[in-house]
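For reference, the structure discussed in these notes is given below.
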Number of protein chains: 2
Amino acid sequence: MRNTKVIKPTESELEILTVLWANGEATVRTVHEELTKTKEAGYTTTLKLMQIMHEKGLVTRNTESKTHIYIPAVDKQKTQLQIVNKMISSLFAGSPADMVMQALGGNNTTAAELKKIEDLIKTLKAKK
Amino acid sequence: MRNTKVIKPTESELEILTVLWANGEATVRTVHEELTKTKEAGYTTTLKLMQIMHEKGLVTRNTESKTHIYIPAVDKQKTQLQIVNKMISSLFAGSPADMVMQALGGNNTTAAELKKIEDLIKTLKAKK
DNA sequence: ATTGTATTACGAATTTAATCGTAAACATGA
DNA sequence: TCATGTTTACGATTAAATTCGTAATACAAT
């Protein structure tokens with residue numbers, strides 16, 4: 001089986017991946033500016049993190065021009081699922097429903113969002 | 001406002017909290033034995049973690065008898081919600097529905113669980 | 001060419017989390 | 001009392017994640 005090695009991104013790495021997923025690809029500067037909308041960070045810190053991510057294989061990069069362009073190398077859906085599943089098993093006794101109830105119950109979820117989920121459930125039930 | 005300081009439990013601390021929540025209270029030995037069902041861990045490591053949790057205020061403890069009894073000091077629902085919300089905002093662009101769809105879609109969720117969620121949504125919609 | 005600016009590379013320092021060895025305190029039972 | 005086992009306390013070590021200073025490199029403008 002290939003790809004047995006599951007790389008677990010850290011908190012900071014996830015933030016960076018999120019920017020990359022949203023943009024398809026990005027320079028360090030772009031990522032950094034996106035991040036600093038939310039939190040403090042030095043430029044070289046972001047750079048270093050992205051270099052480490054490259055070593056880990058979380059991203060690839062195009063180094064043709066001096067300003068490197070970073071591309072996410074892990075799938076968004078897969079990564080999200082991996083993290084959500086981990087949380088479900090470690091914090092919700094393996095019950096997705098329990099987790100969903102927390103997520104929906106505590107949040108001011110909009111009617112539109114509830115509808116989306118309802119539809120999803122219908123689809124899932126149909127598959128059974 | 002009181003309780004401004006939000007303590008963010010680490011991964012290991014969450015595992016311990018989960019045991020404490022399930023039991024109401026527990027000794028280090030109980031917690032440790034519960035943990036080692038799932039993973040490797042030395043007794044003093046578990047002890048140390050629980051002592052640190054006590055320093056942080058994540059647990060209280062009764063030291064009347066030599067064998068101390070630990071009691072969770074943070075609310076289960078609140079803590080779960082805090083973590084789920086953080087994940088929604090950092091990894092799902094703030095959309096609970098997106099997160100739920102990942103959680104349900106990728107998982108082999110049982111029909112019973114789907115039903116539970118459906119009911120929950122009905123309740124939430126009724127409240128609007 | 002020279003200067004100024006942006007970028008990468010490198011490595012060190014710091015911080016936080018996790019692990020574990022050892023000793024002291026205490027209780028129990030022989 | 002003495003030996004044994006359990007528990008706590010303490011501190012050191014390791015490991016992982018994060019931060020950042022500094023230098024080298026490239027590029028552009030003058």
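Per chain, numbering begins at 1; letters A, B, ... match sequence-line order.
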> For DNA chain C, which residues in residues 62-69 of chain A have a heavy atom at a distance below 4.0 Å?
Replying inline: Lys66(A), Thr67(A), His68(A)

>> What's the separation between atom CE in Met99(A) and atom CD1 in Ile83(B), rounded to the nearest 0.5 Å?
In response: 11.5 Å

> Asn62(B) and Ile71(B): which non-hydrogen atoms are nearest, and at how many Å?
Replying inline: N-CD1, 4.3 Å

> Over how many whole Å does the gap from Glu11(B) atom CD to dA15(D) atom C1' extend?
Replying inline: 16 Å

> What is the distance from OH of Tyr43(B) to P of dT22(C), rounded to the nearest Å?
Replying inline: 18 Å

> Between Glu55(A) (CD) and dT8(C) (P), how many Å, whole number?
Replying inline: 15 Å

> Rounded to whole angstroms, how far apart are CG on Leu14(B) and C1' on dA17(C)?
Replying inline: 13 Å

> Among Glu25(B), Arg61(B), His54(B), Gln51(B), whose side chain to side chain donor-acceptor pair (under 3.5 Å) with Tyr70(B) holds?
Replying inline: Arg61(B)

>> Using OP1 and OP2 only, check whether a side-chain N or O of Arg61(A) sits under 4.0 Å from dT7(C).
In response: no

>> Main chain of Val74(A), side chain of Trp21(A): is a donor-acceptor contact present, judged purely on distance under 3.5 Å?
In response: yes

> Hey, does Thr45(B) reach any base, or is it just sugar-phosphate, or nothing, if we go heavy atoms under 4.0 Å?
Replying inline: base

> For the pair made of CG in Leu35(B) and C1' in dA18(C), what is the distance, rounded to whole Å?
Replying inline: 13 Å

> Should the pair Glu118(A)-Lys122(A) be classified as a salt bridge under the 4.0 Å nitrogen-to-oxygen rule?
Replying inline: no

> Where the side chain of Thr10(A) is defined as all heavy atoms beyond and including C-beta, which of dC20(D), dA17(C), dT18(D) is the nearest nucleotide?
Replying inline: dT18(D)

> OP1 or OP2 of dT6(D) less than 4.0 angstrom from a side-chain nitrogen or oxygen of Arg29(B), does that happen here?
Replying inline: no

>> Quick check: closest heavy atoms across Ala103(B) and Thr109(B), and the distance to 0.1 Å?
In response: O-OG1, 4.4 Å

>> Output the rounded distance in Å from CD (Gln51(B)) to P (dT19(C)).
In response: 15 Å

>> Nearest to the Leu47(B) side chain among dT18(D), dT7(D), dA9(D), which nucleotide is it?
In response: dA9(D)

> Toward the 5' end of DNA chain D, which comes first, Thr44(B) or Lys56(A), by nearest nucleotide?
Replying inline: Thr44(B)

> Considering heavy-atom distances to DNA chain D, does Lys8(A) or Val28(B) have its closest nucleotide positioned more toward the 5' end?
Replying inline: Val28(B)

>> Which residues pass the side-chain contact (heavy atoms from CB on, under 4.5 Å) test with Glu34(B), not counting sequence neighbours?
In response: Val19(B), Lys37(B)

> In whole angstroms, how far is the P atom of dT18(D) from the NE2 atom of His32(A)?
Replying inline: 15 Å

>> What is the separation between atom CD1 on Ile52(A) and atom C1' on dT8(C), rounded to the nearest whole Å?
In response: 14 Å

>> If you go through the side-chain atoms of Lys48(A), does one of them form a donor-acceptor pair with the base of dG11(C) closer than 3.5 Å?
In response: yes

